[in-house]
**Q** 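Let me give you the structure first, and then I'll get to my questions.
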Amino acid sequence: MSSHPIPIIDFAPFLDGSAKQQVADQLLGSFKSAGFVYLTNFGLSNEEVQEMFDWSKRFFALPHESKMLAPHPGSGMHHRGYSFPGQEKETQLPDSGDSAAEAEVPIPSVKESFDIGREEDDLMPNIWPPDHILPGFKESCLAFYWKCYEVEKNILRALALGFGLEEEWFVRYHGMPDNGLRLQHYPSIALESVLTNKVARIATHTDFDTLTVLFPDSVGSLEIEDPNESGRFLAVSPIPNSIIVNAGDFLRRCEGSFGLAGTIYSYQCVDLTSVGSNDIIRSTMHRVRAPPNPVTKDGMLPDRYSIPYFCAADFSTVVDPIPGTWSADYPKKYEPVSVKEYVMKRFAADY
């Protein structure tokens, strides 16, 4: 298993204004070539990130019955609370599909997770364990959620600058924010069972949001599909004091919003035909399996923890091609759909 040469970008020159355009161009270039990028100096301290990992480990160390006091509802339509190992699966829906039934059903993932959103979300209110179970957990999760939102907005600003747009171009469609913070724990598992595909840690999938910001631990195991060879996966090894950012399906599709001959239209144009700059950015297939040259004890992989932050456009955004980006020769490929409709369909498919 070789490692993928994903660019490592120092984000500090964008944040301090000393080399904004250079960083923006590097970011866009990495999304074009790999769909993934490492960012260092991204705006959060190592201490802030480590504190959230400490809370995550304390939560997952609780007895099962304590974690189940904040259960993820049986329906995937309400994506909050605790999911036990095997409850969730990753389903890759076809772009033109109408239901999860059309997708291949993968092996259930052997991981547990806890999902968090903004506290005032009426559509998907948070589900917390009672305060006495883990005092301070709720407050720390929410504080980290909003710190991640600031990181997200700065990445979107850099991306807009890379396209030659004013910096707030993408941010204005991510103002709610309808995002998700996830704490994840991969219990120790037999290496042989992973290598023989008897079980999955996370099955192969793309992310359906705009961006995913991943805080990894030092164990590794993330793999991405080789952009030059379908079906071949390459290791994405963790780099200390960095985050891994990948483009989701919405960002890949929104490239068409720049229309024919580079004409700028509207970011609300997301699902487009393959014209103009559409599909320049990659939404790369990825999975979690086993790290390269794993160090095992009695054939068991070590526990792994990660914290992904899923950045979605506001649920009120309508996803539809606009005039000028389709014609009789290049018909609309997708029917109009709201971000809310698309995201909720994908949530439901995971359970």
Side-chain angles (χ1 to χ4, degrees), residues 3-4 6-11 27 30-31 34-46 48-57 60 79 83 88 90 109 111-117 141 144-145 147-156 158-159 174 177 179-186 200-225 233-252 281-291 303-312 350:
S3 294
H4 190 279
I6 297 173
I8 303 170
I9 299 175
D10 183 354
F11 206 56
L27 178 66
S30 186
F31 279 168
F36 276 73
V37 66
Y38 292 101
L39 292 185
T40 61
N41 299 313
F42 49 87
L44 294 182
S45 69
N46 298 335
E48 289 173 303
V49 175
Q50 186 56 54
E51 181 182 10
M52 196 65 248
F53 270 102
D54 292 342
W55 279 109
S56 177
K57 292 176 181 180
F60 290 120
H79 212 53
S83 300
E88 183 180 346
E90 286 68 40
S109 298
K111 70 177 187 304
E112 55 182 342
S113 60
F114 186 82
D115 288 288
I116 304 139
C141 288
F144 194 75
Y145 177 93
K147 290 176 183 178
C148 290
Y149 181 50
E150 294 304 313
V151 174
E152 170 198 353
K153 288 190 292 184
N154 284 322
I155 295 172
L156 291 173
L159 188 62
H174 294 74
N179 300 331
L181 175 67
R182 166 171 285 192
L183 311 180
Q184 290 194 142
H185 172 226
Y186 303 80
R201 287 193 128 176
I202 291 185
T204 304
H205 66 289
T206 60
D207 292 342
F208 54 85
D209 48 14
T210 304
L211 297 168
T212 300
V213 176
L214 177 67
F215 300 86
D217 69 2
S218 61
V219 173
S221 302
L222 177 64
E223 299 176 1
I224 71 169
E225 188 172 39
F233 283 80
L234 305 171
V236 181
S237 301
I239 295 176
N241 307 324
S242 73
I243 54 175
I244 300 170
V245 184
N246 66 280
D249 296 343
F250 270 81
L251 188 56
R252 172 181 62 83
I281 283 180
R282 296 177 179 270
S283 178
T284 304
M285 298 286 281
H286 53 283
R287 66 189 185 187
V288 176
R289 202 161 178 250
D303 289 63
R304 177 180 185 261
Y305 296 85
S306 69
I307 304 175
Y309 180 76
F310 302 102
C311 312
D350 284 344

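Because the structure is a prediction, the values reported are computed rather than measured.
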**Q** Shortest non-hydrogen contact from Thr212 to Pro308?
**A** CG2-CB, 4.2 Å

**Q** Would you compute the distance between atom CD1 of Ile307 and atom CG of Leu214 and round it to the nearest 0.5 angstrom?
**A** 9.0 Å

**Q** With a 4.5 Å heavy-atom cut-off, do Phe215 and Cys148 have their side chains touching?
**A** yes

**Q** Does any part of the side chain of Glu223, heavy atoms only, come nearer than 4.5 Å to the side chain of Val236, both counted from C-beta?
**A** no

**Q** According to ring pair (Phe, Tyr, Trp, His ring centres under 6.0 Å), who are the partners of Tyr309, at least two apart in sequence or on a separate chain?
**A** Tyr145

**Q** With sequence neighbours left out, what residues match Thr40 under side chain to side chain contact (heavy atoms under 4.5 Å, CB included)?
**A** Ile8, Asp10, Ser242

**Q** If the condition is side-chain hydrogen bond (donor to acceptor under 3.5 Å, both in side chains), which residues does Gln50 pass it with, not counting sequence neighbours?
**A** Asp54

**Q** If you look at every heavy atom in Cys141 and Met52, which pair is closest and at what distance?
**A** SG-CE, 3.7 Å

**Q** How close do Ala158 and Leu27 get, counting heavy atoms only, and between which atoms?
**A** CB-CD2, 3.8 Å

**Q** Is any side-chain heavy atom of Ile6 closer than 4.5 Å to a side-chain heavy atom of Ile244?
**A** no

**Q** Can you tell me how far the CG atom of Leu234 sits from the CG atom of Leu222, to the nearest 0.5 Å?
**A** 11.0 Å

**Q** Can you tell me how far SG of Cys311 sits from CD1 of Ile155, rounded to the nearest 0.5 angstrom?
**A** 7.0 Å

**Q** In chain order, what residues pass the side chain to side chain contact (heavy atoms under 4.5 Å, CB included) check against Asp303, with sequence neighbours excluded?
**A** His185, Ser188, Tyr305

**Q** Will you find, in the side chains of Gln184 and Ser113, an N or O donor that is under 3.5 Å from an N or O acceptor?
**A** no

**Q** Look only at the side chain of Ser30 and the backbone of Phe36, and say whether a donor-acceptor pair between them is shorter than 3.5 Å.
**A** yes

**Q** With heavy-atom distances below 4.5 Å as the criterion, would you say the side chains of Leu211 and Phe31 are in contact?
**A** yes

**Q** Not counting sequence neighbours, which residues clear side-chain hydrogen bond (donor to acceptor under 3.5 Å, both in side chains) with Ser56? List them please.
**A** none

**Q** Taking only residues two or more places apart in sequence, or in another chain, which ones meet Asn154 in a side-chain hydrogen bond (donor to acceptor under 3.5 Å, both in side chains)?
**A** Arg157

**Q** Please enumerate all residues that pass ring pair (Phe, Tyr, Trp, His ring centres under 6.0 Å) together with Phe310, with sequence neighbours excluded.
**A** none

**Q** Mind checking salt bridge (Lys or Arg N to Asp or Glu O under 4.0 Å) for Glu150 and listing every partner two or more places apart, or none if nothing turns up?
**A** Lys153

**Q** Which heavy atom of Gly220 sits nearest to which heavy atom of Pro238, and what is that distance?
**A** CA-CD, 3.7 Å

**Q** Does a side-chain heavy-atom distance below 4.5 Å link Leu44 with Phe144?
**A** yes

**Q** Is it the case that the side chain of Asp115 and the backbone of His79 share a donor-acceptor pair, with hydrogens and angles ignored and the cut-off at 3.5 Å?
**A** no

**Q** Using 0.5 Å steps for rounding, measure from the OH atom of Tyr38 to the CD1 atom of Ile239.
**A** 4.5 Å

**Q** Is the NZ or CZ atom of Arg287 both under 6.0 Å from the centre of the six-membered ring of Phe233 and within 45° of that ring's axis?
**A** yes

**Q** If you round to the nearest 0.5 Å, how far is CZ of Arg182 from OG of Ser83?
**A** 6.0 Å

**Q** Taking atom CH2 of Trp55 and atom CG of Leu183, what is their separation to the nearest 0.5 Å?
**A** 11.5 Å

**Q** Of all the heavy-atom pairs spanning Asn179 and Glu152, show the shortest one and how long it is.
**A** ND2-OE1, 2.8 Å

